[in-house]
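Numbered from 1 within each chain, the chains take letters A, B, ... in sequence-line order.
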Amino acid sequence: MGKKTKAAITPTRSEDYTEWYQQVVKASVLAERSAVRGCMVILPWGYALWENIMQNLDKLFKMTGVKNAYFPLFIPLHFLEKEAEHVEGFAKECAVVTHHRLEQGPSGGLVPAGELTEPLIVRPTSETIIGDSFSRWVSSYRDLPLLINQWANVVRWEMRTRIFLRTSEFLWQEGHTVHATQSEAEERTLMMLDLYASVAEEYLAMPVIKGAKSASERFPGAVETYCIEAMMQDRKALQAGTSHFLGQNFAKASGIKFQSASGSEEFGWTTSWGVSTRLVGGLIMTHGDDDGIILPPRVASAHIVLMPIIRKETDREPVMTYIENLAAELRDVAYHEAPIRVEIDDRDIGGAKGWEWIKKGIPIRVEVGPRDMAENAVFMGRRDKSHREKTAVKRDVFLNTITSILDDIQDNLFQRAKAYLEAYTHDLDSRSEFYSFFTPQNPEKPEIHGGFAKSHWCGSPECEATIKEDLSVTIRCIPFEHVDDTGQCICCNASSRQRVIFAKAY
RNA sequence: CGGGGCGUAGCGCAGUCUGGUAGCGCACUUGAAUGGGGUUCAAGGGGUCGGAGGUUCAAAUCCUCUCGCCCCGACCA
């Protein structure tokens, strides 16, 4: 009882949000920094979470007819040069392989040797290398639509990295499709956006706003970029997923052509769409509290931890037997078509154990000691409630209600996050109101402020740039709602046909 | 690439100004006590003080150069 720390994480969110995030990641054992600049090691607890996200997405992709494939890590330099905007967009952040051998240097160390005739780029995204394959796979309208996804790692040499949110290397999926018509491709782009939104909301319990990017925020080479934007607890926006309608730009660059039913030669219409390990960062900042992360049950690395309370050595065997039987029965319960994931923690380390699991964000902690056994009960704590709020539940009741308890936690997390998003999203119509909304009281050490401003925008890149320059606020998306609303641009007062979402962003 | 901070045990830090050859807390190991909760006591293991060079009888400490990390900008999923 030495320490009187009120929260498990120091500092708290309100004290220092950025530092809180880093401490939460550390305490959660989801990931850690690696020896390589800007790259992270994903630990088992974090990888299990990512696997659950992956499996759910993968299943949903396949239900829409998408098939998985795999393409090379390396892209020949000249491939990237094929689409002008695309080159410009990614050129600044590419890792380049120039040699294929190491030799003993004069001072003893290894030095690169065997220079390549053409450098290879470590993929920052795979439109061009996949386009090359697609150009050979597609020759007739009968080959379309072509619906491919790959699970891969990509590298973007960012100047500033942040664990899970922006690492030099990250894991993601990238879907790439080719269609015979523009409308079919557009339909697919929006279909995948909807799929992402429902995964974010139903699995990650993360409410999102769907919309289109402004021209300046578009994917390099895309005709249209759609996105889902979530609000973190420091009220900044996080782009949680994107779906791009690429028109015929990449088809022309890669030579993806097909012969139509009428015999004419036409370029395909392509799309690409992706979500990444960034989602994990979003999850942390959406649900975490001052005791650490809170994992939504639908994707949690594990659902329940069973912790024996052993008072006397003679209690150990009966308590462990009780726990192992309980675990076996729990694992036989299906939660959304998959077995409940149960951990048993019998380490004899006292109360620190419970706190470890709190910081790891497991949805349900269960303690079982002789007293519970005598009453045929378990002692349960929920991660979405205070750590002090624990209740005795009869064993059979616990087994019969466990899936609804998990669903209740899932729903509770979503409702909380949705209330937060709504509480800090405002229609703002005056320029002064808008500027004060995004200006902290204390510029030295900015407090959590702002949120999402739904404000009118005339559509000019100049107004967008002015606001970005003045406030570091950008247009996160042009939402699909509110399209018929008319008003005046927040920046220049010109007439505007709709509101857009302005926010500071990650 | 600019501005600020920092590299000393696995983690968090003190010691640096005023050179004398390394310490604290947590974690770890062992033993004991405790037992519905980040418990207590005792004993113990672990460090080329980020790296290189220099000054000095002597450098974690002073000087020069480097490398890396964190925060704030610019760039971005």
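When the C1' atom of C70(B) is taken as reference, atom CD of E19(A) falls 8 Å away, rounded to whole Å. Across the protein-nucleic acid pair, R166(A) atom CZ and C70(B) atom C1' stand 16 Å apart, rounded to whole Å. Spacing between atom NZ of K236(A) and atom C1' of C72(B) amounts to 10 Å, rounded to whole angstrom units. Taking atom CG of residue D16(A) and atom C1' of nucleotide C72(B), one finds them 12 Å apart after rounding to whole Å. Between L165(A) atom CG and C71(B) atom P there is a gap of 11 Å when expressed in whole angstrom units. Residue E356(A) contributes atom CD, which lies 17 Å from atom P of C11(B) at whole-angstrom precision. The nearest whole Å value for the distance from the CD atom in Q23(A) to the P atom in C26(B) is 18 Å. If you take NZ of K504(A) and P of C76(B), they are 18 Å apart, rounded to a whole angstrom.
Taking the C1' atoms as reference points, G10(B) lies 7 Å from A27(B), given to the whole Å. Atom C1' of A59(B) sits at a distance of 15 Å from the matching atom of G51(B), rounded to the whole Å. Taking atom P on both A14(B) and A52(B), the two are 24 Å apart, rounded to the nearest angstrom. For the C1' atoms, the distance linking U29(B) with G45(B) amounts to 7 Å, nearest Å. Taking the P atoms as reference points, C71(B) lies 24 Å from G15(B), given to the whole Å.
The phosphate of C76(B) has neither OP1 nor OP2 within less than 4.0 Å of any side-chain N or O from T161(A). Within the 4.0 Å cut-off from OP1 or OP2 of C70(B), at least one side-chain nitrogen or oxygen of R33(A) is found.
Using the Watson-Crick or G-U wobble rule with both distances under 3.5 Å, G46(B) pairs with nothing in any strand shown. The base-pairing partner of G38(B), taking Watson-Crick or G-U wobble contacts with both distances under 3.5 Å, does not exist among the strands shown. The pairing partner recorded for C17(B) is none, the criterion being a Watson-Crick or G-U wobble arrangement whose two distances lie under 3.5 angstrom. Pairing partner, C76(B): none, since no Watson-Crick or wobble contact has both distances short of 3.5 Å. Across every strand in view, C69(B) sits in a pair with G5(B) that passes the Watson-Crick or G-U test at under 3.5 angstrom. Base pairing of G53(B) is made with C63(B), judged by Watson-Crick or G-U wobble geometry with both donor-acceptor distances under 3.5 Å. Pair assignment for G10(B): C26(B), on the basis of Watson-Crick or G-U wobble contacts that are both within less than 3.5 Å.
Between Y424(A) and Y420(A), the angle of the ring planes lies from 30° to 60°, which puts this pair in the tilted group. Between W269(A) and F245(A), the ring planes lie parallel to each other; the angle is under 30°, not in the 30° to 60° tilted range.
Across all strands, T167(A) comes closer than 4.0 Å to base atoms (heavy-atom distances). When heavy atoms are screened at a 4.0 angstrom cut-off, K213(A) is found touching no nucleic acid atom at all. Among the protein residues, R371(A) comes within range of the nucleic acid bases, having at least one heavy atom under 4.0 Å from a base atom. The residue D348(A) sits close to a base: some heavy atom pair falls under 4.0 Å. Nucleic acid contact for I310(A): base, since at least one base atom lies under 4.0 Å from a heavy atom of the residue. Using a 4.0 Å heavy-atom criterion, one finds that F379(A) contacts the bases of the nucleic acid, with or without backbone contacts as well. When heavy atoms are screened at a 4.0 angstrom cut-off, K353(A) is found touching no nucleic acid atom at all. Across all strands, Q239(A) comes closer than 4.0 Å only to sugar-phosphate atoms, never to a base (heavy-atom distances). In this structure, G369(A) reaches the bases: a heavy-atom distance under 4.0 Å links it to at least one base atom across the strands shown.
Counting only heavy atoms from C-beta on, E93(A) has its side chain closest to C76(B) among C76(B), G38(B), G36(B). Of the candidate nucleotides G38(B), C75(B), C69(B), C69(B) has the atom lying nearest to any side-chain atom of R37(A). Relative to the side chain of Q22(A), the nucleotides C75(B), G36(B), C70(B) differ in distance, and C70(B) lies closest. The side chain of K359(A) lies closest to G38(B) when the candidates are G38(B), G35(B), C69(B). In the set G36(B), G38(B), C72(B), C72(B) carries the atom at the smallest distance from any side-chain atom of T18(A). For P370(A), taking side-chain heavy atoms from C-beta onward, the closest of the listed nucleotides G36(B), C71(B), C75(B) is G36(B).
Classification of R383(A) and D289(A) as a salt-bridged pair holds, one side-chain N sitting under 4.0 Å from a carboxylate O. In summary, R347(A) and E356(A) engage in a salt bridge, as defined by a charged side-chain N under 4.0 Å from a carboxylate O.
Mapping K26(A) and R218(A) onto RNA chain B via the closest heavy atom, the residue that lands nearer the 5' end is K26(A). Annotation: of the two residues near RNA chain B, S216(A) and R160(A), the 5′-most nearest-nucleotide partner is R160(A).
A cation-pi arrangement is absent between R298(A) and F414(A), since the terminal nitrogen or guanidinium carbon is not both under 6.0 Å from the aromatic centre and inside a 45° cone about the axis. Taking the ring axis of F79(A) as reference, the NZ or CZ atom of K82(A) stays within 45° of it and closer than 6.0 Å to the ring centre. Y506(A) carries K236(A) over the face of its six-membered ring, with the cationic atom under 6.0 Å from the centre and within 45° of the normal.
Residue side chain D315(A) does not reach the base of G35(B) through any donor-acceptor N/O pair under 3.5 Å, judged by distance alone.
Contact check for N149(A) versus W273(A): side-chain heavy atoms found under the 4.5 Å cut-off.
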